[in-house]
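Have a look at the structure below before the remarks.
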Amino acid sequence: DTAVSQTPKYLVTQMGNDKSIKCEQNLGHDTMYWYKQDSKKFLKIMFSYNNKELIINETVPNRFSPKSPDKAHLNLHINSLELGDSAVYFCASSPPGAYEQYFGPGTRLTVT
Amino acid sequence: DAKTTQPTSMDCAEGRAANLPCNHSTISGNEYVYWYRQIHSQGPQYIIHGLKNNETNEMASLIITEDRKSSTLILPHATLRDTAVYYCIRSSGDKLTFGTGTRLAVRP
């Protein structure tokens, strides 16, 4: 009965590769987000989608492309991975008309 | 720029109340105060939010000063499982900007 789930939990890959992280929520929420937490533990928003429509797009390299096939899923595809992309990536969702966000367990990405 | 100021760390004894302060002196009239926490290696967890009235839920109480320039999160009976980093965030929408938070250590 996991509310917000992410796969994989850990991802180790080499520079230059392309990888995807998947996120699913079973809460019936309309809005979903991607956050990045770097090695200094700063947590920053990257994107948000509302009903499959992009709402927030922070200053993120265009190597990062979110894709929302339906309102329960928001996947993050990263092209040409760089060492600086190593971080923990969190997916979150929030209910319609409300702003509290519910976070997934995170995906630890390590680029070597 | 998180726009809130919190102590870097605090501690409290198990079973006692934990009072976590936050300064948001430049908060706008349409901005809410949100509190989240992050337990080690987990995703952030929503705790509570408020606009100007004090709020209470099953996890905590939120006391906002009348001028809204500061607030206090109260965990009434802290347990060891409340050890975490607590973030105070001000936001008028769904864009949350996390600062460095307060690292709360609950000691036995």
Side-chain angles (χ1 to χ4, degrees), chain A residues 2-7 9-10 21 23-25 27 29-51 53-60 71 74 87-110, chain B residues 1-9 24 27-52 55-62 64 71 73 83-105:
Chain A
T2 303
V4 182
S5 60
Q6 296 179 228
T7 53
K9 188 168 175 60
Y10 299 97
I21 305 172
C23 177
E24 177 181 3
Q25 54 94 4
L27 298 166
H29 293 171
D30 284 349
T31 307
M32 296 184 71
Y33 312 81
W34 277 109
Y35 286 82
K36 177 181 180 181
Q37 188 166 39
D38 61 25
S39 57
K40 294 184 179 178
K41 303 295 185 182
F42 288 114
L43 191 62
K44 294 182 181 178
I45 190 167
M46 300 173 70
F47 303 101
S48 82
Y49 269 73
N50 182 274
N51 264 323
E53 182 182 344
L54 181 64
I55 302 298
I56 294 175
N57 184 349
E58 289 296 290
T59 309
V60 177
K71 73 174 193 177
L74 182 62
V88 181
Y89 291 84
F90 289 101
C91 178
S93 70
S94 63
Y99 296 136
E100 60 265 30
Q101 297 179 20
Y102 299 85
F103 285 77
T107 295
R108 182 175 293 277
L109 171 66
T110 303
Chain B
D1 179 12
K3 303 178 185 175
T4 62
T5 305
Q6 299 177 251
T8 303
S9 63
H24 32 78
I27 195 168
S28 302
N30 62 346
E31 288 184 309
Y32 285 76
V33 177
Y34 291 84
W35 283 84
Y36 284 76
R37 71 181 182 184
Q38 188 171 23
I39 296 169
H40 181 61
S41 296
Q42 297 183 21
Q45 178 187 23
Y46 165 79
I47 301 173
I48 198 167
H49 75 281
L51 185 61
K52 52 184 178 181
E55 301 288 344
T56 295
N57 63 19
E58 65 277 5
M59 289 183 70
S61 295
L62 174 60
I64 303 174
S71 61
L73 178 75
T83 292
V85 178
Y86 287 77
Y87 297 97
C88 169
I89 301 163
R90 44 182 274 202
S91 177
S92 59
D94 57 0
K95 182 178 174 182
L96 301 179
T97 302
F98 287 78
T100 53
T102 296
R103 185 172 296 278
L104 175 69

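All values derive from a computational prediction rather than experimental measurement. Convention: sequence-line order gives letters A, B, ...; per-chain numbering from 1. Only this structure's heavy atoms are used, side chains among them; waters, hydrogens and symmetry mates stay out.
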Subject >> Shortest non-hydrogen contact between A:Leu43 and B:Pro44, atoms and distance >> reply: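 Closest pair (atom of A:Leu43, atom of B:Pro44, distance): CD2-CG, 3.4 Å.
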
Original post:
Roughly how far, to the nearest 0.5 Å, is the NE2 atom of B:His24 from the CZ atom of B:Arg90?
Top reply: 8.5 Å

Subject >> side chain to side chain donor-acceptor pair (under 3.5 Å), paired with B:Tyr86, selected from B:Gln6, B:Gln38, B:Arg37 >> reply: B:Arg37

Original post:
What part of B:Ser91 gets closer than 4.5 Å to chain A, counting heavy atoms only: side chain, backbone, both or neither?
Top reply: neither

Original post:
Between B:Gln45, B:Lys95, B:His49, which shows the greatest number of heavy-atom pairs under 4.5 Å with chain A?
Top reply: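 Top option by heavy-atom pairs under 4.5 Å: B:Lys95.
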
Subject >> Structural part of A:Lys41 lying under 4.5 Å from a heavy atom of chain B >> reply: backbone

Original post:
For A:Ser94, is it the side chain, the backbone, both, or neither that has a heavy atom closer than 4.5 Å to a heavy atom of chain B?
Top reply: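 For A:Ser94, no heavy atom lies under 4.5 Å from chain B.
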
Original post:
Under 6.0 Å from the CD atom of A:Glu58, do we count more than 12 heavy atoms belonging to anything else shown?
Top reply: yes

